[in-house]
Amino acid sequence: MEYNPRSIEKKWKKWWDDRQVYKVDNKSTKPKYYVLDMFPYPSGSGLHVGHPLGYIASDIYSRYKRMQGFNVLHPMGYDAFGLPAEQYAIQTGIHPAKSTADNISRYRAQLDNLGFSYDWSREVRTCDPSYYKWTQWIFLQLFGHWYDTAAGSSKPIQQLIFHFEHSGTAGLRAACSESLDFGAEDWKAMSSKAKSDVLMNYRLAYRKMTYVWWCEELGTVLANDEVKDGVSERGGYPVERKPMLQWSLRITAYAERLLNELQELNFSEAMKKTQSNWIGKSVGAQLFFDLDGHSDKLEIFTTRPDTIFGATFMVLAPEHELVSKLTTPAQKAAIEKYLAYVTTRSERDRMAETKEVSGEFTGSYAVNPFNQQKIPVWIAEYVLKDYGTGAIMAVPADDERDMRFADKFGLPVVHIIDKSMYPGATIEEKVGKMINSDFLDGMEVPDAIDLMIRRIEDMGIGFRKVNYKLRDAIYSRQRYWGEPFPIVYDKEGVAHPVKEQELPLELPELEDFKPVAGTKSPLARAENWVNLPEGWHRETDTMPGFAGSSWYFLRYMDADNDREFASKEALDYWRDVDLYVGGTEHAVGHLMYSRFWHKFLFDIGKVPTPEPYKRLINQGMIQGVIENIFLLKEKVDGESKFVCARIAKKMNPQEVVRIPVLVDYVANYGSPDSYLNQAGLEQFIKWRPEFENALFESESGCWQKGLQKNSQPGTEFKFYTLSEVGKMSKSKYNVINPDDVVEKYGADCFRLYEMFLGPIEQAKPWDTKGIDGVAKFLRKLWNLFYDENGKLIVSEQAPDKEELKILHTAIRKVTEDVERFSFNTCVSAFMICVNDLRSKNCSKKAILEPLTKLLAPFAPHLAEELWHLLGNETSVCLADFPVQNDAYLVQDVIAYPVSINGKKRDLVELPAGMDAAQLEELVLNLPSVKKWIEGKQVQKVIVVPGRLVNLVVV
RNA sequence: GCCCGGGUGGUGGAAUGGUAGACACGCAGGACUUAAAAUCCUGUGGCCAGUAAUGGCCGUGCGGGUUCGAGUCCCGCUCCGGGCACCA
């Protein structure tokens, strides 16, 4: 009987399905274990071989934990709101709800094809009203709370109102947009609009002015992703940054906790570093500069208050609210021109551009509070509105960017730090002795910083301040395909929450998904929905992608609950995610937001833990190989001018092959390995028959089999191939569908091969080259059960010592490696085990049965088949995972490498249990060693019992 | 530009600071076969010497350092991949 994955896999899939093997109960006497995958966005191109990498790993781990006696929650769902579905709708007219549902069925079919052990009864879809009801509900909680910095926790907004009524802002320590100062009487005198504005300053979900990319030509707001090189990616139209009043979430209130509590988590150090850097905590001073001739003060944040005597100019972000006030009539034209330029620039451009600085003088001056010197105020794009206060004091002597700016605009430089005592110290390092700095002169930098902050506080011109790079999350999207905000505005524009019993606030049906004139969201088209009695109206923006994905793991715990997002019982049982598997691309976005939401829900008593994810594993991206075939035309008339065409491996041959490539690029990739003339083309088509009818087009002519268009006699064509590695995407013709691989090799083989490719955390290109090795392994295993005549040859014989050692070596290795997520080495261990058993012709049940269980998490279908062949009737998925017995693993003999000065010179097999002295004596008398130490002095002998011997000779 | 990773044979990769290249792919030679496929066996980092057994030297992107010993730790570079706040 031959191993036939197709029939085996079909059979057991149905068997598992019929018996609901993967269904999980919220009540169990077993310990719980929650394994979560980052749920996919169901895109139109379907699942590719990169998606399942993490899913297979988490599935193996889930199955492993289940077999070890845990009640394992392993769910799956879809992150189903998003931009691509909406873009697709605009292009094709197909409603996002439909295309999303279609894509989901396709994803489901593809996932089902891989033998995952998901409990599908818990599936969630973020675009489902029964789900987004709770996304909206959480938003309303954020809207209804403020962050009490003194208590380190979120509190209901009513408590804040109570505080204002009794003492105004006195004694209040709260996360806010700007510090306000008013008394109880002031509060009581405020209009409802004024009160609402004040509360917005404290709410965790609040509205503020932020910028969006606007494309006039397309009549739509664009995502960063849709803007390339300052123009829209679609159509190449001009774009500009437009200010809009948008919802934001005050994640900055949680910055300190997000940073501190990160340390306790089992995340990779790289991930922790990325998140800490993103939070970007820095300590410094917030201080106010007087402005010459203005009553306003200029508020800046600096980590280097000690350098104030070197501050020779101030820089404001171009969007800073004081810019218009500070611009003098003489500078007006220049400033306006600069502002127009800045609206075309992305933040990335503004940060990245360091060689060519730009800026403009406002014509006004600030006053240095310590020496009363006038300091010119400039604006420049390298200062960002949302970081710090959107304004800096520039100290060219101590900051590279400020220096370049001073250089370019001829601004003075005052040296204030003597670093001669610290050779090799960079300009930014906080070391050196202060000079030219009045009362700071002679002090070391750290002391000077300290003293300066105290001075600033004494003078009442500022205070010590902790600043974070982390910015509040912009939460509005001018899109259709997202959660509507459960917010209505009254006549005065005051935002009110929709009543809880009115949730979910469903997305109205629309035919046209384009925004309404100006920057109004598509939802503005649903006038009946937007407009309410008495001049009230609904919010027309929708929530961003991260809304639904910030809490979905909680919903799986109790997915059908229509009274709460999850019941207290379910939350108390499952608590948090024990293992989370997903890509690093979510390091700062999704992970940060969901940690923030979770902490908020914890503060308001809705979840039992302050952190959502205990352990995080990041799978590397599976990249595609972009294979290009170049056809070059070489002019023979002496000129060495090349022209060439380029085609990607997976490109449909019917599509015209074009892309002229730069000569330099071609020249960099070695020499052509074959000529392409008519015969060469034949040869090429033999190698790549799919190009039989392709038309090869280069700048100067076209080629097709049997034809020779536009080519001059005497012209030679050369071709060669090269490979690049990059993201798998439709546009690169390198997407590989797992279904095709499963069709050919089976799901078990696919699972093992993806694991065998390399370490889970590493990015690697997909290549099916090695899959035969895995397929061979599976057949070899199969053939331990069946002989070549299809006869079952499993015997009841007792295993010998060696066979037990082979088995238990595998058990040990696989168990260790599963725990550390080293699945590629698990597969090697299986191969070694099967190879060893084969060489001993071992088909003993006492060996094969534990081996089958060991393999079950990796190749569940095959394991189930073998398990039943061995006479079992329950599922192998529920069997006990084998445990190693150290008694079988004892080594009698150890191979000691013997090194001289660190170089291996001999390998001697010695009985285990020799002590260091015995080993030393024995080794010194080895002939192979004598040869090396003859006439020399043995200075030192390093003996590591059980490992090695190293002699140091001179 | 900034942040985070990574670089080991022809290829994917293995290696608690302790025998570099496990396990595979590929390739070469052989067995079986009319033949091919499949399967099995043997070899396979490079260079040098030797008929051979074998022996020697070099070798983990580049340059330095720590150590008895470095792919692994430290410093400086370089190339590649990912992210940079409205793709998800």
Side-chain angles (χ1 to χ4, degrees), chain A residues 38-43 79 81-84 87 210-213 221-227 246 251 268-278 280 347-355 382 386 401 469-479 544-546 549 583-590 592-593 618 620-621 623 725-727 753 756-759 761-765 767-774 776-777 779-780 783 788 822 824-825 827-832 835 895-907 939-942 944 947-953:
Chain A
M38 286 185 185
F39 62 168
Y41 174 79
S43 86
D79 187 12
F81 271 135
L83 194 52
Q87 295 293 14
T210 43
Y211 287 78
V212 293
W213 281 117
V221 173
L222 297 178
N224 282 339
D225 218 41
E226 301 172 287
V227 178
Q246 302 198 84
I251 187 173
S268 71
E269 285 310 308
M271 175 62 60
K272 289 186 186 177
K273 245 190 228 168
T274 308
Q275 289 209 1
S276 323
N277 289 337
W278 184 261
E347 279 194 8
R348 179 110 38 105
D349 291 340
R350 288 171 58 170
M351 300 294 282
E353 190 74 76
T354 52
K355 289 196 185 78
Y382 76 87
D386 287 321
R401 245 177 341 187
K469 213 178 279 170
L470 182 72
R471 309 204 302 250
D472 282 344
I474 300 169
Y475 199 66
S476 289
R477 300 292 182 266
Q478 290 69 48
R479 307 283 183 188
F546 70 79
S549 61
T584 35
E585 65 272 23
H586 298 286
V588 287
H590 160 64
M592 199 71 93
Y593 297 132
N618 296 113
M621 181 176 296
Q623 296 154 317
V725 167
K727 262 188 181 174
Y753 183 58
F756 191 56
L757 270 178
E761 308 212 67
Q762 201 170 293
K764 54 215 153 224
D767 203 327
T768 35
K769 263 199 320 221
I771 199 166
D772 286 330
V774 174
K776 240 184 257 179
F777 154 73
R779 277 198 300 271
K780 286 181 191 172
N783 291 333
E788 61 265 38
S822 176
N824 56 330
T825 51
V827 180
S828 299
F830 283 122
M831 289 173 169
I832 292 168
N835 286 344
Y896 277 94
V898 180
S899 307
I900 317 289
N901 291 338
K903 262 190 205 301
K904 188 186 119 191
R905 295 299 177 184
D906 200 2
L907 188 65
Q939 210 167 50
K940 202 170 171 185
V941 182
I942 293 119
V944 185
R947 282 236 76 111
L948 57 72
V949 182
N950 186 22
L951 308 180
V952 184
V953 298

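All chains are named by letter (A, B, ...) in the order of the sequence lines, taking the proteins before the strands, and each is independently numbered beginning at 1.
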Side chain to side chain donor-acceptor pair (under 3.5 Å) involving A/Asn277 - partner list, sequence neighbours excluded: none
Could I get the full list of side chain to side chain donor-acceptor pair (under 3.5 Å) partners for A/Asp772, not counting sequence neighbours? A/Tyr745
At what distance, to the nearest 0.5 angstrom, does CG of A/Leu907 lie from OH of A/Tyr896? 11.5 Å
side-chain contact (heavy atoms from CB on, under 4.5 Å) partners for [X], two or more places apart:
X        : value
A/Lys904 : A/Pro897, A/Ser899
A/His586 : A/Met38, A/His590
A/Thr825 : A/Lys813, A/Asp817, A/Arg820, A/Ser822

Pick base, sugar-phosphate or nothing for [X], based on heavy-atom distances below 4.0 Å to the nucleic acid.
X        : answer
A/Glu761 : nothing
A/Glu269 : nothing
A/Lys469 : base
A/Gly82  : sugar-phosphate
A/Trp278 : base
A/Pro84  : sugar-phosphate
A/Arg479 : base
A/Ser476 : base

Which residues satisfy the salt bridge (charged side-chain N to carboxylate O under 4.0 Å, His left out) test with A/Arg479, sequence neighbours excluded? A/Glu226
Tell me every residue that passes salt bridge (charged side-chain N to carboxylate O under 4.0 Å, His left out) with A/Lys272, counting only those two or more places apart in sequence or in another chain. A/Glu269
What is the ring orientation for A/Phe830 with A/Phe777, classed by angle as parallel under 30°, tilted 30 to 60°, or perpendicular over 60°? tilted
Nucleotide by nucleotide, nucleotides 16-23 of chain B touches protein heavy atoms under 4.0 Å in the pattern (B base, S sugar-phosphate only, - none) B-BB--BB
Using whole Å, report how far [atom1] of [X] lies from [atom2] of [N].
X        : N      : atom1 : atom2 : result
A/Met271 : B/rC84 : CE    : P     : 13 Å
A/Gln762 : B/rG7  : CD    : P     : 6 Å
A/Lys272 : B/rG5  : NZ    : P     : 13 Å
A/Tyr211 : B/rC86 : OH    : P     : 15 Å
A/Tyr593 : B/rC87 : OH    : C1'   : 13 Å
A/Lys273 : B/rC2  : NZ    : C1'   : 15 Å
A/Asn618 : B/rG83 : CG    : P     : 13 Å

Name all residues meeting the ring pair (Phe, Tyr, Trp, His ring centres under 6.0 Å) criterion together with A/Tyr211; count only those two or more places apart in sequence or in a different chain, and write none if there are none. none
Atom pairs, N/O to N/O, protein against nucleotides 25-31 of chain B, distance under 3.5 Å?
{"unit_1": "B/rC25", "atom_1": "OP1", "unit_2": "A/Lys776", "atom_2": "NZ", "d": "2.9"}
{"unit_1": "B/rC25", "atom_1": "O2'", "unit_2": "A/Lys769", "atom_2": "O", "d": "3.1"}

Are OP1 or OP2 of [N] and a side-chain N or O of [X] less than 4.0 angstrom apart?
X        : N      : result
A/Arg477 : B/rC86 : yes
A/Gln478 : B/rC86 : no
A/Asn277 : B/rC4  : yes

In dot-bracket, 5' to 3', how would RNA chain B read with Watson-Crick or G-U wobble pairs under 3.5 Å, [ ] for crossing ones and | for pairs to another strand? (((((((..(((.....[....)))((((((.......))))))(((((....)))))..(((((..]....))))))))))))....
Please report the distance separating the C1' of B/rU67 from the corresponding atom of B/rU11, rounded so that it comes out in whole Å. 34 Å
Distances under 3.5 Å between nitrogen or oxygen atoms of protein and nucleotides 54-60 of chain B:
{"unit_1": "B/rC57", "atom_1": "OP1", "unit_2": "A/Arg905", "atom_2": "NH2", "d": "3.4"}
{"unit_1": "B/rC57", "atom_1": "OP2", "unit_2": "A/Arg905", "atom_2": "NH1", "d": "2.9"}
{"unit_1": "B/rC58", "atom_1": "OP2", "unit_2": "A/Lys903", "atom_2": "NZ", "d": "3.2"}

From C-beta outward on A/Leu470, which listed nucleotide comes closest to its side chain: B/rA85, B/rG82, B/rC4? B/rA85
Check whether the ring centres of A/Tyr475 and A/Phe546 lie less than 6.0 Å apart, and answer yes or no. yes
